[in-house]
Amino acid sequence: MTNINDIAKQMVADGKGILAADESSGTIKKRFDNIKVESSETSRMNYRRVLFESKEAMENYISGVILFDETIRQCNKDGEKLVDIIKRSGSLPGIKVDMGAKMLSKMNNETVTEGLDGLRERLSEYSSLGAKFAKWRAVIAIGEYNPSPLCINVNSHALARYASLCQEAGIVPIVEPEILMDGSHDIQKCYDVTKETLLKVFDDLIAHKVDLKGICLKPNMVIDGTKASNKSSSKEIAEMTVKCFKESVPTEVPGIVFLSGGQSETDATENLNEINKIENTPWKLSFSYGRALQSSALGVWRGKSENEGQCSKAFTHRAKMNSLASKGHWSKDKEI
Ligand code: 5MM
C-alpha cells in the first residue's frame, strides 16, 4: 500500500495539479443554470465524464481529481466507473468529505464547516471506493469586524480533526482554509488574515499530531478583494503570497495547490506563473482549480454531445496553461 507521504508527493508531481470537480448539488446546479442545462444525475455524469476522458489533459497535467459523493459512485453509460477512468490515466481519485459551511450561531454572518460526525466510517468507505485523498474547505470571510478569532479557531480545529482522521485511514488530507475574495479590502488585509489563519491551522495540525509530510495545503492567493479600489499586479500578488507562506507554512509540507476563488481563468494562470518565478521556495506550488479550469469548458459544452470534443479541448488547454504556470513557464502568447 502506498503511504500518505508518497501520495502527497504524487499529488504535486512536476507540472501537474488537481482538478476540483467536487461541486455540491447546489453549486453544480448554479453552473448548469448559467449554460441553461438541467442538472440531473445523468447530465452531471456526462459533463464530468468528458473532463475525465480528456486523455491528454489527464495523463500529462492532472495529478488528481476531487470528486463529490455522487460522482465517486457513478459509471458512464457503458458501465465503466468514473473512478476507473481517472485511474487509467494515471491520476488519483479524491473525495470532498466536508458537509458544507453552516452559519455560526451568535456570530455576525460567519460560518463553520461541518462534517466530523461519522467521518471515520465515511473515510473507510471512500477508501474502499478508491479515494486516495480527501478535501475539507473552511470558509473565512473578510468584513469590517470579521473574521472573528472564534471563526478562525473553530474552523482550524475542525480542519485538524479532519486531517488526523484522514491520515488514520491512509488518505491524504487536502487542508483548505479559504479566505474569500469578496469585499473591498486591500491586499494587505488579505495578507494579514491569511497569515493569522495559516498560523492557527498549522498550530492545530501539529497539536493533533498530523504528519505535515502527508498533507496538501489548498489556500487562496494573497490578493485584493473583488471590490477593492486598487488591483495589484501579478508580481505584487506573487510576492505577497510567497512572503505570507514563508512566514506561516512549515517547510515539511510537500505541496501547496491554490484555489482560484473567482479569479478569471487567465488571472489564475498568470498569478500562479508569477508565484513560480520566485526562486527558493521550499514547497511545490501548483493548482487545484475548479472554476479556473472549467469555465471555458462548461461554456462550450452546453449539454450537447456534439460539443464534447470542443469541451475536452478547452479543458485540456487550461490544464496545459496551468501546468506551464506551475513551472513558471507560461506566457500570454501561449494562450489561443
Ligand atoms: C469545485 O468547487 C468546490 C466545491 O464547492 P461547493 O462545496 O460550494 O459546492 C470548492 O470547494 C472548490 O474546490 C474550491 O473553492 C476551489 O474552487 P475554485 O473555483 O475557487 O478554484
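Predicted, not measured: the structure shown is a model, and the values here were computed from it. Each ligand, and each atom within it, is numbered from 1 in the order the structure gives.
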Problem set entry | Protein contact of atom 3 (C) of ligand 1 - nearest heavy atom, named by residue and atom, plus distance | Asp22 OD1, 3.4 Å
For this session: Answer yes when Arg88 and Asp84 have at least one side-chain N-carboxylate O distance shorter than 4.0 Å, and no when they do not.
Result: no
Seminar exercise, completed: In terms of heavy-atom contacts, Ile275 and Val242 come closest through CG2-CG2, 4.0 Å
For this session: Could you tell me whether Glu125 and Arg73 make a salt bridge, using a distance below 4.0 angstrom between a side-chain N and a carboxylate O?
Result: yes
Exercise. Numbering the atoms of ligand 1 from 1, which are under 4.0 Å from a heavy atom of Tyr289?
Worked result: 21 (O)
For this session: Would you mind checking if Lys200 and Glu196 are paired as a salt bridge, meaning a charged N to carboxylate O distance below 4.0 Å?
Result: no
For this session: Could you check atom 14 (C) of ligand 1 against the protein and tell me its nearest heavy-atom contact, residue, atom and distance included?
Result: Glu176 OE2, 3.3 Å
Seminar exercise, completed: Note: ligand 1 atoms sitting under 4.0 Å from heavy atoms of Thr27 are 6 (P), 8 (O), 9 (O)
Exercise. What protein heavy atom sits nearest atom 11 (O) of ligand 1, and how far away is it?
Worked result: Lys135 NZ, 2.3 Å
Problem set entry | From CA spacing to verdict: salt bridge (Lys or Arg N to Asp or Glu O under 4.0 Å), Arg318, Glu335 | CA-CA 9 Å; Arg318 285 273 42 96; Glu335 294 290 343; 2.7 Å; yes
Exercise. Does the N or O separation between Glu23 and ligand 1 drop below 3.5 Å for any pair?
Worked result: no
Seminar exercise, completed: Per-atom filter on ligand 1: closer than 4.0 angstrom to a heavy atom of Arg291 are 18 (P), 19 (O), 20 (O), 21 (O)
Exercise. In the protein, which heavy atom is nearest to atom 4 (C) of ligand 1, and how far is it?
Worked result: Lys96 NZ, 3.2 Å
Exercise. According to a 4.5 Å side-chain heavy-atom criterion applied to Ile, Leu, Val, Met, Phe, Trp and Tyr, with indirect links allowed, do Ile237 and Val193 form part of one hydrophobic cluster?
Worked result: no
Exercise. Less than 3.5 Å between some nitrogen or oxygen of Leu259 and one of ligand 1, yes or no?
Worked result: no
Exercise. Should Lys213 and Glu252 count as an ion pair when the cut-off is N to O under 4.0 Å?
Worked result: no
Exercise. So, Glu308 versus Tyr47: side-chain donor-acceptor pair below 3.5 Å or not?
Worked result: no
Exercise. Of all the heavy atoms in Gly261, does at least one lie under 4.0 Å from an atom in ligand 1?
Worked result: yes
Problem set entry | Lys/Arg-Asp/Glu bridge criterion (N-O < 4.0 Å) met for Glu265, Arg291 | no
For this session: Number the atoms of ligand 1 from 1 as they appear, then name those within less than 4.0 Å of a heavy atom of Glu178, with their elements.
Result: 15 (O)
Problem set entry | Contacting atoms of ligand 1, where contact means under 4.0 angstrom from a heavy atom of Ser24 | 6 (P), 7 (O), 9 (O)
Problem set entry | Subset of ligand 1 atoms that lie under 4.0 Å from at least one heavy atom of Gly290 | 17 (O), 18 (P), 19 (O), 21 (O)
For this session: Show which atoms of ligand 1 fall inside a sub-4.0 Å distance from at least one heavy-atom site of Lys218.
Result: 13 (O), 14 (C), 16 (C)
Problem set entry | Glu239 bridged to Lys235 by N-O distance under 4.0 Å | yes
Problem set entry | Close approach, Gln263 and ligand 1, non-hydrogen under 4.0 angstrom | no
Seminar exercise, completed: So the atoms of ligand 1 within less than 4.0 Å of a heavy atom of Ser260 turn out to be 18 (P), 19 (O), 20 (O), 21 (O)
